[in-house]
Amino acid sequence: MQQSLAFMHEIADYDLEGRRVSTPVNIGYLYAGILFAAGFGFVLVTMTLSNILAPHSRTKEKLQTYESGEVPIGSAWVQYPLGFYIFALLFVAFDVDIVFIISWAIIFKQLSLFGFFEILFFIVVLALGLAYAWRKGVTRWI
């Protein structure tokens, strides 16, 4: 048991290329945690300071709706049809899918026939999603 622990300690002191390293392999998680905590702390401190130091006086001009220098007519509250939001979500979804397809195209030769069928399945699922949205009338207002 003692001998196997010593062997594991020797393995942990080497990286994948066989070079001797002085820090454990998982020290990167510590650095990421420290950076995350520092970023979170920075956001908390700056938001707290802005709430303490910023003036909080409410005037009629500050509460008025801003319309690019024009005097507002009526209420600024307008309820948009749900189709606009669904269409925006579809746009974002397909825009992100294009990023996946472009990254697939860059390494297409390395993936061979399996990669082709994998992206073909991906595109078929996308087409089914678009057909479903079309059938439900999401794109009818265009």
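- Note on L113 and F122: same hydrophobic cluster, where clusters join Ile, Leu, Val, Met, Phe, Trp and Tyr whose side-chain heavy atoms are under 4.5 Å apart, directly or indirectly.
- Following chains of ILVMFWY side-chain contacts shorter than 4.5 Å, one can reach V96 starting from I119, so the two form part of one hydrophobic cluster.
- I106 and I101 end up in the same hydrophobic cluster when Ile, Leu, Val, Met, Phe, Trp and Tyr side chains are linked at under 4.5 Å.
- Summarising the geometry, atom CG belonging to L90 is positioned 7.5 Å from atom CG belonging to L130; distances are rounded to the nearest 0.5 Å.
- Considering V43, L49, V45 in turn, V43 is the only one that fulfils the side-chain contact (heavy atoms from CB on, under 4.5 Å) rule with M47.
- Among all heavy-atom pairs drawn from T48 and L44, the shortest one is OG1-O, 2.7 Å.
- At a threshold of 4.5 Å between side-chain heavy atoms, the hydrophobic network of Ile, Leu, Val, Met, Phe, Trp and Tyr places F116 and I107 in one connected group.
- Under a hydrophobic clustering in which Ile, Leu, Val, Met, Phe, Trp and Tyr are joined whenever their side-chain heavy atoms come within less than 4.5 Å, directly or via other members, I98 and L89 fall into different clusters.
- F108 and W104 have perpendicular rings, their planes meeting at more than 60° on a 0 to 90° scale where under 30° would count as parallel.
- Within 6.0 Å of CZ in F100 there are 12 or fewer heavy atoms belonging to other residues, nucleotides or ligands.
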